[in-house]
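First up is the structure itself, then whatever we jot down about it.
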Amino acid sequence: MKAPVALSTLLIGIAQFFPFFDNKPWTILTYAVLAAIGNGVYNAVDGALNLAVLPNAETSGKDMGFINLANTFSQISGTVVASLIVTYLGGYKAIFPASFVIELIGAFLIFRIKSVK
């Protein structure tokens, strides 16, 4: 199950390069299609994995709340990181390679998961 999640993470990362190399409308559309496919696969498999690894069925609602809180925190911190990248690493265009590196790290970490209890 981890291979589809890791590969979808890589697909999202690869999509970042299309608008980085060219600012034509087709690159944004290509980015949108690839990122949407990757995000759809990631969310579907990740959601199923989250439910499968919850420690206690009786507290699954609370556990899912913590997972959603973690997801929300990462989205909030993403805006801070993006603003730092834009400010200090070369403007808006620098977000795309930085995003690829972050996706690559994420895919690597997913592949490093040995097993789930």
Side-chain angles (χ1 to χ4, degrees):
M1 281 285 244
K2 69 181 176 182
V5 174
L7 293 175
S8 65
T9 302
L10 283 175
L11 183 62
I12 296 168
I14 290 167
Q16 306 296 323
F17 281 106
F18 285 92
F20 174 72
F21 287 121
D22 198 1
N23 62 356
K24 303 278 191 270
W26 74 269
T27 60
I28 297 298
L29 292 173
T30 304
Y31 160 76
V33 168
L34 293 177
I37 291 169
N39 199 26
V41 171
Y42 180 89
N43 285 334
V45 177
D46 187 54
L49 284 173
N50 284 337
L51 287 174
V53 300
L54 291 177
N56 185 350
E58 293 178 14
T59 61
S60 62
K62 176 184 66 119
D63 296 336
M64 290 300 290
F66 281 117
I67 290 170
N68 285 331
L69 184 63
N71 287 335
T72 301
F73 178 72
S74 66
Q75 291 174 352
I76 291 168
S77 62
T79 58
V80 174
V81 171
S83 68
L84 293 171
I85 291 169
V86 168
T87 304
Y88 297 110
L89 295 179
Y92 179 75
K93 198 169 184 177
I95 288 176
F96 296 109
S99 186
F100 173 75
V101 170
I102 292 167
E103 294 285 345
L104 195 62
I105 291 168
F108 173 76
L109 292 174
I110 291 167
F111 273 122
R112 300 264 311 147
I113 296 172
K114 302 248 187 280
S115 68
V116 177
K117 293 181 182 182

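Just so it is clear, the structure is predicted and the values come from calculations on it, not from any experiment.
Across Ser8 and Gly38, no two heavy atoms sit closer than the pair CB-O, 3.2 Å. Residues Phe20 and Pro97 approach most closely at CD1-CD, 3.5 Å, considering heavy atoms. Pro19 approaches Phe96 most closely through the heavy-atom pair CG-CE2, 3.4 Å. Shown here for Ala107 and Ala6, the closest heavy-atom pair between the two residues is CB-O, 3.7 Å. Residues Leu34 and Ala15 share a closest heavy-atom pair of CB-CB, 3.6 Å.
Listed by first and then second residue, the side-chain hydrogen bond (donor to acceptor under 3.5 Å, both in side chains) pairs involving residues 92-111 are Gln16-Ser99 (not counting sequence neighbours). Listed by first and then second residue, the ring-ring contact (aromatic ring centres under 6.0 Å, His included) pairs that reach into residues 32-77 come to none, sequence neighbours excluded.
Under a hydrophobic clustering in which Ile, Leu, Val, Met, Phe, Trp and Tyr are joined whenever their side-chain heavy atoms come within less than 4.5 Å, directly or via other members, Val5 and Leu109 fall into different clusters. Transitive grouping of hydrophobic side chains (ILVMFWY, heavy atoms separated by less than 4.5 Å) keeps Phe100 and Val41 in distinct clusters. The hydrophobic clustering, which links ILVMFWY residues whose side-chain heavy atoms are closer than 4.5 Å, places Ile105 and Phe108 together.
By the side chain to side chain contact (heavy atoms under 4.5 Å, CB included) test, Leu89 pairs with Ile85, Ala94, sequence neighbours left out. The side chain to side chain contact (heavy atoms under 4.5 Å, CB included) search around Asn43 returns Asn39, not counting sequence neighbours. Every residue two or more places apart in sequence or in another chain was checked for a ring pair (Phe, Tyr, Trp, His ring centres under 6.0 Å) with Phe18, and none qualifies. The side chain to side chain contact (heavy atoms under 4.5 Å, CB included) check on Ala82 picks up Ile95, with sequence neighbours excluded. Annotation: side chain to side chain contact (heavy atoms under 4.5 Å, CB included) contacts of Leu84 (sequence neighbours excluded): Val80, Tyr88. The side chain to side chain donor-acceptor pair (under 3.5 Å) test applied to Thr59 returns Asp63, not counting sequence neighbours.
Separation of atoms CG (Leu7) and CD1 (Ile110) is listed at 9.5 Å; rounding is to 0.5 Å. Atom CD1 of Ile102 sits about 12.5 Å away from atom CD1 of Ile12, to the nearest 0.5 Å. Note that CG of Leu11 and CD1 of Ile37 are 6.5 Å apart. Values are rounded to the nearest 0.5 Å. Between the CG atom of Asn71 and the CD1 atom of Ile67 there is a distance of 8.0 Å, given to the nearest 0.5 Å.
The shortest side-chain heavy-atom distance between Leu104 and Leu10 falls under the 4.5 Å cut-off.
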Identify all side-chain donor-acceptor contacts of residues 21-33 below 3.5 Å with residues at least two apart in sequence or on another chain.
| unit_1 | atom_1 | unit_2 | atom_2 | d |
| --- | --- | --- | --- | --- |
| Thr27 | OG1 | Asp22 | O | 2.9 |
| Thr27 | OG1 | Lys24 | O | 2.6 |
| Thr30 | OG1 | Trp26 | O | 2.7 |

